[in-house]
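As structure tokens, the structure follows; a few thoughts come after it.
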Amino acid sequence: MSAADPSHTAGANPDADPGRAAVVSAYQRFEPRAYLRNNYAPPRGDLSSPDGVGPWKLRCLAQTFATGEVSGHTLIDIGSGPTIYQLLSACAHFEDITMTDFLEVNRQELGLWLQEDPRAFDWSLYSQHVCLIEGRGESWQEKEWQLRARVKRVLPVDVHQPLPLGAGSLAPLPADALVSTFCLEAVSPDLAGFQRALDHITTLLRPGGHLLLIGALEESWYLAGDVRLVVVPMCEEEVMRSLVHSGYEVRDLRTYTMPAHLQTGVDDVKGIFFAWAQKNVGV
């Protein structure tokens with residue numbers, strides 16, 4: 001379910017960490033379109049069943065934003081990969097959105113969609129589904145127009161650097177909120193690396209700001225084309241402990257068990273987690 005690349009041209013030195021160097025090397029073969037086919041086209045991309053993984057993720061995000069507590073001016077999406085669905089509910093609540101990814105091929109894929117290039121992946125079914133569950137009478141075309149208008153920049157990021165966006169970032173900092181989906185566990189060589197990456201991205205968030213984190217449970221590998229990529233297997237308790245260690249109050253933590261018919265051989269994921277966490281004041 002994951003999509004990320006832990007290399008970043010600005011200041012990264014993966015050779016200093018052999019585990020991270022191996023991850024960097026593997027991600028040079030990441031294929032965005034293969035990843036999208038594996039996870040966002042049917043069967044996993046079938047949104048017609050409320051029990052599917054796609055509707056579950058979209059529902060978690062929509063319900064959290066519907067509380068009205070996660071709002072502000074600036075939001076940063078950490079490790080966007082080649083996907084935009086994670087921001088379809090967010091874009092009504094933030095006027096300045098920054099998307100980020102480590103891989104240039106993923107940033108190019110995002111650019112195709114943002115520029116309405118006919119070669120872009122078609123997210124219209126996801127946009128329609130979000131409009132349906134939000135129930136505000138908005139058309140999917142209006143939803144996509146709003147998201148495109150509010151994404152102000154697509155930047156490189158390296159979650160393994162103390163300054164993940166580099167020095168002199170173009171993104172307004174600190175952000176009011178962060179979103180990150182299937183990133184940290186996919187680019188870290190081990191649980192300690194996951195914790196450090198979470199600590200690093202937390203520096204981008206203002207005290208009292210919100211983090212919405214979606215990731216894989218008990219996944220050790222996934223495919224994105226010809227390459228088999230390693231993932232840190234996480235359990236619910238480890239997600240909770242990591243968030244608390246990084247200075248968050250966990251407001252909500254939900255899990256989804258991947259049904260047998262969606263275990264399609266493209267990974268060994270057992271489930272998904274959704275966490276809503278608020279950064280403690282003074283952190």
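In this structure, L155 is not a member of the same hydrophobic cluster as V187, with clusters built from ILVMFWY side-chain heavy atoms closer than 4.5 Å. The cluster map of Ile, Leu, Val, Met, Phe, Trp and Tyr, joined by side-chain heavy atoms under 4.5 Å apart, puts L112 and L36 in different clusters. Residue L191 is not grouped with residue V230 when hydrophobic side chains (ILVMFWY) are merged at heavy-atom distances under 4.5 angstrom, including chains of intermediate members. Residues I84 and L125 are members of one and the same hydrophobic cluster, defined by side-chain heavy-atom contacts under 4.5 angstrom among Ile, Leu, Val, Met, Phe, Trp and Tyr.
In summary, E237 and R241 do not engage in a salt bridge, as defined by a charged side-chain N under 4.0 Å from a carboxylate O. Between E138 and R136 there is a salt bridge, since at least one side-chain N of the basic residue sits less than 4.0 Å from a carboxylate O of the acidic one. A salt bridge links E134 with K143: at least one charged nitrogen is closer than 4.0 Å to a carboxylate oxygen. Salt-bridge formation is not detected for the pair D268/R228: no Lys NZ or Arg NE/NH1/NH2 atom is positioned less than 4.0 Å from an Asp or Glu carboxylate oxygen.
How far CG of L205 is from OG of S246: 11.0 Å, rounded to the nearest 0.5 Å. Note that the OG atom of S188 and the CZ atom of R196 stand 8.0 Å from one another [nearest 0.5 Å]. Considering CG of D267 and CG of N38, their distance stands at 8.0 Å, rounded to 0.5 Å. Here the straight-line distance linking atom OH of Y126 with atom CG of L88 works out to 10.5 Å at 0.5 Å rounding. A distance of 7.0 Å separates CG of L170 from CZ of R153, quoted to the nearest 0.5 Å. In this structure, the separation between NZ on K279 and CG on D176 is 11.5 Å, given to the nearest 0.5 Å.
Of all heavy-atom pairs spanning L229 and A26, the tightest one is CD2-CB, 3.6 Å. Residue P82 comes nearest to L110 through the heavy atom pair C-CD2, 3.8 Å, listed as atom of the first residue, atom of the second, then distance. Scanning all heavy atoms of the two residues, the minimum distance from E218 to C235 falls at OE2-CB, 3.4 Å. Closest non-hydrogen pair, R148 versus L114, comes out as CD-O, 3.5 Å. Heavy-atom minimum distance, A149 versus K152: O-NZ, 2.9 Å. Shown here for M234 and A216, the closest heavy-atom pair between the two residues is CB-O, 3.9 Å.
Aromatic ring pairs are classed by plane angle as parallel below 30°, tilted from 30° to 60° and perpendicular above 60°; the pair Y35 and F30 is tilted.
As a member of the Ile/Leu/Val/Met/Phe/Trp/Tyr network built from side-chain separations under 4.5 Å, L132 groups with nothing else and remains a singleton.
The number of heavy atoms from other shown groups lying within 6.0 Å of CG (D226) does not exceed 12. For H245, the NE2 atom sits in a loose shell: 12 or fewer heavy atoms of surrounding residues, nucleotides or ligands are nearer than 6.0 Å.
Using a 4.5 Å heavy-atom cutoff, the side chains of V269 and L217 are not in contact. Residues T98 and L75 are not in side-chain contact: their nearest non-hydrogen atoms beyond the backbone lie 4.5 Å or more apart. With a 4.5 Å cut-off on side-chain heavy atoms, R119 and W113 do not count as touching. No side-chain heavy atom of I201 sits under 4.5 Å from any side-chain heavy atom of T203. At least one side-chain heavy atom of L253 sits under 4.5 Å from a side-chain heavy atom of E236. No side-chain heavy atom of F194 sits under 4.5 Å from any side-chain heavy atom of V159. Within the 4.5 Å cutoff, side-chain heavy atoms of L212 are placed close to those of F274. Within the 4.5 Å cutoff, the side chain of V130 has no heavy atoms near those of the W140 side chain.
The closest side-chain donor-acceptor pair between R254 and Q63 falls under 3.5 angstrom. Side chain to side chain, D199 and T202 fail the donor-acceptor criterion of an N or O pair below 3.5 Å. For E142 and Q146, the side-chain atoms include no donor-acceptor pair closer than 3.5 Å. Looking only at atom types and distance, the side chain of N280 has no donor-acceptor partner in the side chain of E249 under 3.5 Å away.
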Original post:
Do F121 and W123 pass the ring-ring contact (aromatic ring centres under 6.0 Å, His included) test, and can you show the C-alpha distance, the side-chain angles, and the key distance before you say yes or no?
Top reply: CA-CA 6 Å; F121 187 81; W123 291 102; 4.7 Å; yes

**OP:** With side-chain contact (heavy atoms from CB on, under 4.5 Å) as the test, would you mind laying out the steps for I97 and T74 before giving the verdict?
**Re:** CA-CA 6 Å; I97 295 175; T74 56; over 6 Å; no

Original post:
Is there a side-chain contact (heavy atoms from CB on, under 4.5 Å) between L61 and I214 once you walk through the steps?
Top reply: CA-CA 9 Å; L61 291 163; I214 295 178; 4.1 Å; yes

Subject >> V266 vs Y222, side-chain contact (heavy atoms from CB on, under 4.5 Å): CA-CA, chis, key distance, verdict >> reply: CA-CA 6 Å; V266 299; Y222 75 100; over 6 Å; no

**OP:** Starting from the C-alpha separation in whole Å, work towards a yes-or-no answer on side-chain contact (heavy atoms from CB on, under 4.5 Å) for F182 and L184.
**Re:** CA-CA 6 Å; F182 303 106; L184 303 186; over 6 Å; no

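For D252 (side chain) and W276 (main-chain N/O), no donor-acceptor pair under 3.5 Å exists by modelled atom type. The backbone N or O of V53 lies less than 3.5 Å from a partner atom in the side chain of Y256, making a donor-acceptor pair. Within the 3.5 Å criterion, the main-chain N or O of P42 finds no donor-acceptor partner in the side chain of D46. No donor-acceptor pair under 3.5 Å is formed between the side chain of R206 and the backbone N or O of P174. Distance alone, capped at 3.5 Å, is enough to place a donor-acceptor pair between the R44 side chain and the L262 backbone. The backbone N or O of T83 lies less than 3.5 Å from no partner atom in the side chain of Y40, so there is not a single donor-acceptor pair. In this structure a side-chain-to-backbone donor-acceptor pair under 3.5 Å is present from D101 to G81. With hydrogens and angles disregarded, a donor-acceptor distance shorter than 3.5 Å links the side chain of S180 to the backbone of I78. Side chain of S80 to backbone of M99: no donor-acceptor contact under 3.5 angstrom is found. Remark: the backbone N or O of F273 is not paired with any side-chain donor or acceptor of T255 at under 3.5 angstrom.
A side chain to side chain donor-acceptor pair (under 3.5 Å) with E69 holds for exactly one of H93, R251, H210; it is R251.
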